[in-house]
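Everything below concerns the one structure shown next.
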Amino acid sequence: MPEATRNADQNAAEVRYNPAEIEPRQQAKWDADASLYAAEPHSSGKPKYYVLEMLPYPSGKLHMGHVRNYSIGDALARYQWMNGFNVLHPMGWDSFGLPAENAAIKNNTAPRKWTLNNIAEMRKQMHRMGLSYDWAREVTTCLPAYYRWNQWFFLEMYKRDLAFRKKSRLNWCPKCNTVLANEQVVSGHCWRHEDTLVEQRDLTQWFFRITRYADELLDGLDKLEGWPEKVRTMQRNWIGRSEGAEVTFAVDGCTDNMSITVFTTRIDTIFGATSLQLAPDHPIVKHWASFDGELAPAVEEMLAQQKTARDTDALGELPKYGVPTGRFAINPFNGERLPIWIANYVLSGYGTGAVMSVPAHDERDFEFATKYGLPIRRVVAPNLDTDDLPLPYTDKTEAVLIDSGEWTGEPVLEALEKMAKHAEANGFGRATVTYRLKDWGVSRQRYWGTPIPIVYCEKCGAQPVPESQLPVLLPENVDIADVNGSPLSRVPEFVNTTCPVCDGPATRETDTMDTFVDSSWYFYSYTEPKNSSAPFGSDEANYWFEIDQYIGGVEHAILHLIYSRFWTKVMRDIGLIKNSEPATRLFTQGMVIKNGAKMSKSKGNVVSPDDMIAKYGADATRMYALFAAPPDRDLEWQEEGVAGISRFLSRVYRIVMKYAPALRSSDHGITQEALSTAGQRLLRKQHQTLAKITLDFSGRWHFNTCIASVMMLVNELVASESAMDSGEVSPTTQRELFRSLTLMLAPFAPFVAQELWEELGNEGVVFRQPWPKADAELAREDEIEIPVQVNGKLVNVVKVAAEADVEAIKAIAHADEKVAGRVAGKTVVKVIVVPGKLVNLVVK
RNA sequence: GCCCGGAUGGUGAAAUCGGCAGACACAGCGGACUUAAAAUCCGCAGACCUUAACCGGUCGUGGGGGUUCAAGUCCCCCUCCGGGCACCA
């Protein structure tokens, strides 16, 4: 503030807190120092700390969810700087994707232009919020400098058979006009269109073989102790590992040695199998239906019914029904001849699409067998003598096999293993593991994404684009309004090329990559975004990784967070990095809601961050986002609450400005002096507050209570104004109190903290000062109040010396009048004293 | 059906290791300042009963049971809400 204005303000009755003036002025000063938020070289000697918030999709406007996410990350980054870490705190843009195409069609703007404009707009908003990003490391995924490495990774994966092409049944969103990965289907609907049912289509597409890492992705979860249990559970469910066995049944009387392989988790019950059930789209069913005029319509009908049910997400509610095929299979364990059925509850997409039906020991098989009168044969019981328990009997922990030939008497858990081995030794089966996780389909029939670097030659087939020809540039000026097929297929100059092998005519792949490819490795790019010969340098990545703290919404628990774990393992196997997981700690913040519902345009309950900042300032808006609820819980946005934080900051501003001029001009030397009672009380509160904030930053992150404790400190300072005015609290103590107050505010309200830091006559940037150390001795109370209970009910609160021992406390409690009144005429049976906590007298 | 969270005043919430339930705020009420209002400052504030008032008492953390001198917190059972998986063989 210019000297003249300051003097004028001092003459006024009161200096008003004016964030609209303070914040842009401080921001301009910070902007002048390009190195302010820059990560330092490895040689800095400081320990590194990589704090990362999930990069946004550049929709054009920040929403409150962003504000909350970034306020948490920013507070942590600033705190770690103050603790002497070399902090990496970058930001970027997940900028490929469908909304750019939709906007392009609607507004007649090219996706690239629309996207880059939005980025500029959002960068401006982040700047106004005062977020501490190292913009020199900004990553924009839709630019060739970035997406060329997507193509490079694709080729690396192709070399390792991790990228491959196959025909399969895929999810198709009719609104997106493209294929979706399984992870992008939420309860049968498109992840981007909650109201749109996903259809199934048979298409030839590119896949990433994430299933090769299924076990490692699953086992790694146990070691991710810094991740929320919820996210780990969701990923475990998603991977869906199931141990069991495959058993091959020969088809009876079949001239061409046909067989059917079933998957079962209960091979021990195979002597109880009374039929085989096949999915209606099992290959052998298709084969039979092709010449069996009776079977074909039944199969058709069942398929149609399954499709309808799947489309409405009601697969589980379909009444069970089946059709006998008239064919029989031979149980390899006992030679028994079992009827083969097709059944609508058997799914082709899981296991082998065929099951053995054991009605006595499986709920579904029991229901089915009862309906069709199939035999029900018990082969497992708690022991050899009890066989009158209700069916189906599914317990396997304390059960043995009965009526199972040579296996009779064998405990179930042992039989599972032995019988699988037996099957393998005799060539009709083996122990196996089935996963729910499927390979990641990455082809998208859209324009605004990374072109897949493959060309098709009539002579040489599918060929990878040579690395030297990367990037395959995404052409501009493409007609994207026509939704039939991939837009790139309508650009002849893109499509027509030459074969890298034979130099003959060839055509390019016209699908683009799923946008989740971009976000699978972007955080590595931050370590060296300007590398032009590799996606990033290994030394850089090995220095910064793993991410120390990753912060984002829980909605990515099984999309981004499983893909990026997969990608990290692939990069490790390529030799680019050493770590096997991307992030040591993950924090998933709660949603921002308004009137009990998630903010959305359709509900009309959206609160604009711009409005909040314009009205109350960035400090108050950010601080409210941290104060209103612990960060992992949903936060109800109440504007009155922001106003409350603004009032609190005004109070801080007023009291500091009141004393700052005198403190600024007085001697800065530390004088040895006896502390007054008031001074001691205030310093005690200060160090208690400091200890609380320091503890919370170490992991619990309940910034709401941190801010509450700063409020208590400020309340105490306000209440002590007369003691400060009179000099009872010395200027030295005052200076220390206000100095540390600004330091404590720095992570949460950096603008006003900086302003007051300067007003107090300090040099430099407040959030580069060392975080003050909480002094346990200063924080210690001399005298504490402890409750006295009689039979567990509170009777009085007595004051005792902080270090009082059990006997002393007992004596004080007994001496208390109120307590004596309660105890009179009764016998004290027992006295419980918890030093520092309470006294409880048990009387009769 | 299986798995993971959650439920505390009018509202957001606090109680981190079994030890005073409701810190800190918001909204509300009362007061000071003001011609007035805003802003600011000071104070009250879980519910119920009792009292003229003070005092005093009872109940109270979704419900029911239990362990304990002591339970929002631990154990068992249940309800409701949010989320994930699901005819997964």
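A note on names: the letters A, B, ... follow the listed sequences, proteins ahead of strands, and every chain is numbered from 1.
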Exercise. Under 4.0 angstrom, heavy atoms only, what part of the nucleic acid is A/Val346 near: base, sugar-phosphate, or nothing?
Worked result: base
Exercise. Does the B/rU58 base have a donor-acceptor partner in the side chain of A/Lys793 within less than 3.5 Å?
Worked result: no
Exercise. So what's B/rG9 paired with, Watson-Crick or G-U wobble, going by both distances under 3.5 Å?
Worked result: none
Exercise. Using a cut-off of 4.0 Å on non-hydrogen atoms, how would the nucleic acid contact of A/Pro835 be classed: base, sugar-phosphate, or nothing?
Worked result: nothing
Exercise. Distance check: side-chain N/O of A/Arg232 vs OP1/OP2 of B/rC85, anything under 4.0 Å?
Worked result: no
Exercise. Is B/rC78 in the syn range, within 90° of 0, or in the anti range?
Worked result: anti
For this session: Measure from the side-chain N and O atoms of A/Tyr17 to the backbone N and O of A/Val652, and report whether any donor-acceptor pair falls under 3.5 Å.
Result: no
For this session: Identify which nucleotide among B/rC87, B/rU16, B/rA14 has an atom closest to any side-chain atom of A/Asn344, counting heavy atoms from C-beta outward.
Result: B/rC87
Exercise. Base, sugar-phosphate, or nothing for A/Val842, non-hydrogen atoms under 4.0 angstrom?
Worked result: sugar-phosphate
For this session: Measure from the side chain of A/Thr264, starting at C-beta and using heavy atoms only, and say which of B/rG19, B/rA89, B/rA25 lies closest.
Result: B/rA89
For this session: Give one of base, sugar-phosphate or nothing for A/Ile707, where a contact means two heavy atoms less than 4.0 Å apart.
Result: nothing
Exercise. Closest to the A/Asn715 side chain: B/rU16, B/rA25, B/rA23?
Worked result: B/rA25
Exercise. Taking for each residue the nucleotide of RNA chain B bearing the nearest heavy atom, is the 5' side occupied by A/Met711 or by A/Arg633?
Worked result: A/Arg633
For this session: Write down the distance between CZ (A/Phe627) and P (B/rA14), rounded to a whole number of angstrom.
Result: 10 Å
Exercise. Any side-chain donor-acceptor pair under 3.5 Å between A/Tyr659 and A/Asp725?
Worked result: yes
For this session: Consider the side chain of A/Lys230, meaning its heavy atoms from C-beta on, and name the nucleotide among B/rC87, B/rG83, B/rA89 that approaches it most closely.
Result: B/rG83
Exercise. Across all strands, who's sitting opposite B/rA71 as a Watson-Crick or G-U wobble pair, both distances under 3.5 Å?
Worked result: none
For this session: Write down the distance separating the C1' atoms in B/rU68 and B/rG18, rounded off to the nearest Å.
Result: 9 Å
For this session: May I ask you to say what A/Pro228 touches in the nucleic acid, namely base, sugar-phosphate or nothing, with a heavy-atom cut-off under 4.0 Å?
Result: nothing
Problem set entry | Gap between atoms CG and P, on A/Asp281 and B/rC87 respectively (whole Å) | 14 Å
Exercise. Between B/rA13, B/rC24, B/rA89, which one does the side chain of A/Ala629 approach most closely?
Worked result: B/rA13
Exercise. For A/Phe703 and B/rC24, what is the distance between atoms CZ and C1' respectively, to the nearest whole Å?
Worked result: 17 Å
Exercise. Considering only the P atoms, how many Å lie between B/rC24 and B/rG46, rounded to the nearest integer?
Worked result: 13 Å
Exercise. Taking the C1' atom of each, how far is B/rC81 from B/rA27, in whole Å?
Worked result: 25 Å
For this session: For B/rC48 versus B/rG43, give the span between their P atoms, rounded off to a whole number of Å.
Result: 25 Å
For this session: Using a strict 4.0 Å threshold on nitrogen-to-oxygen distance, state whether A/Asp222 and A/Arg236 make a salt bridge.
Result: yes
Seminar exercise, completed: Across every strand shown, the nucleotide meeting Watson-Crick or G-U wobble geometry with B/rA23 (both distances under 3.5 Å) is none
Exercise. Taking the same atom, C1', in B/rU40 and in B/rC33, what whole-Å distance lies between them?
Worked result: 9 Å
Problem set entry | Paired nucleotide for B/rG60 [Watson-Crick or G-U wobble; both distances under 3.5 Å] | none
Exercise. In terms of the angle between their ring planes, are A/Tyr372 and A/Phe368 parallel, tilted or perpendicular, with boundaries placed at 30° and 60°?
Worked result: tilted
For this session: Quick one: look up who B/rG1 pairs with, Watson-Crick or G-U, both distances under 3.5 Å, and put none if it's unpaired.
Result: B/rC85
Exercise. Using the ring of each side chain (for Trp, its six-membered ring), is A/Tyr350 parallel, tilted or perpendicular to A/Phe263, with breaks at 30° and 60°?
Worked result: perpendicular
Exercise. If we take the P atom in both B/rG84 and B/rC77, what is their distance in whole Å?
Worked result: 26 Å
For this session: Can you figure out which of B/rA89, B/rU16, B/rC20 approaches the side chain of A/Asp696 most closely?
Result: B/rU16
Exercise. Does the pair A/Asp365/A/Arg266 count as a salt bridge with the N-to-O cut at 4.0 Å?
Worked result: no
Problem set entry | Residues A/Arg822 and A/Glu817 bridged, charged N to O under 4.0 Å | no
For this session: Determine the Euclidean distance between corresponding P atoms of B/rG72 and B/rG9; express it in Å to zero decimal places.
Result: 14 Å
For this session: Once you apply the 3.5 Å cut-off to both distances, tell me the Watson-Crick or G-U wobble partner of B/rG28, or none.
Result: B/rC44
Exercise. Is A/Arg232 salt-bridged to A/Glu225, going by a charged N under 4.0 Å from an acidic O?
Worked result: no
Exercise. Of the candidate nucleotides B/rA23, B/rA89, B/rG83, which contains the atom at the shortest distance from the side chain of A/Met712?
Worked result: B/rA23
Seminar exercise, completed: Correct closest heavy-atom pair for A/Met419 and A/Ile267 would be CE-O, 3.6 Å
Exercise. Nearest nucleotide by nearest heavy atom, which residue falls closer to the 5' end of RNA chain B, A/Asn791 or A/Arg266?
Worked result: A/Asn791
Exercise. Which of these nucleotides, B/rG84, B/rC26, B/rC20, is closest to any side-chain atom of A/Leu794?
Worked result: B/rC20
Exercise. For B/rC88, does either OP1 or OP2 sit under 4.0 Å from a side-chain N or O belonging to A/Arg364?
Worked result: yes
For this session: Mind checking A/Gly644 for me? I need base, sugar-phosphate or nothing, with any heavy atom below 4.0 Å counting as a touch.
Result: sugar-phosphate
Exercise. Does any N or O donor sit under 3.5 Å from an N or O acceptor when you compare the side chain of A/Asn237 with the base of B/rC85?
Worked result: no
Exercise. Touch check for A/Arg651, heavy atoms < 4.0 angstrom, all strands: base, sugar-phosphate only, or nothing?
Worked result: sugar-phosphate
Problem set entry | B/rA53: pairing nucleotide in any strand, Watson-Crick or G-U under 3.5 angstrom | none
Exercise. Under 4.0 Å between a side-chain N or O of A/Ser242 and OP1 or OP2 of B/rA89?
Worked result: yes
Exercise. Can a side chain N or O of A/Tyr350 be found less than 4.0 Å away from OP1 or OP2 on B/rA89?
Worked result: yes
For this session: Compare the minimum distances between each of B/rA27, B/rU16, B/rC24 and the side chain of A/Arg647, then state the nucleotide with the smallest one.
Result: B/rA27
For this session: Look at A/Asp816 together with A/Lys818 and state whether they make a salt bridge at an N to O cut-off of under 4.0 Å.
Result: no
Exercise. What is the glycosidic conformation of B/rG64: syn, defined as within 90° of 0, or anti?
Worked result: anti
Seminar exercise, completed: Against the side chain of A/Ile558, the closest entry in B/rC85, B/rA15, B/rG56 is B/rC85
For this session: Report which part of the nucleic acid A/Phe648 touches: base, sugar-phosphate, or nothing (heavy-atom distance under 4.0 Å, all strands).
Result: nothing
Exercise. Does a nitrogen or oxygen in the side chain of A/Lys830 sit under 4.0 Å from OP1 or OP2 of B/rC69?
Worked result: yes
For this session: Tell me what A/Asp365 touches on the nucleic acid: a base, only sugar-phosphate, or nothing, going by heavy atoms under 4.0 Å.
Result: nothing
Problem set entry | Watson-Crick or G-U counterpart of B/rU16, or none if no pair lies under 3.5 Å | none
For this session: Using only side-chain N and O atoms of A/Asn840, determine if any of them is under 4.0 Å from OP1 or OP2 of B/rG19.
Result: no
For this session: Using the P atom on both, measure B/rC59 against B/rG5 and round to a whole Å.
Result: 34 Å
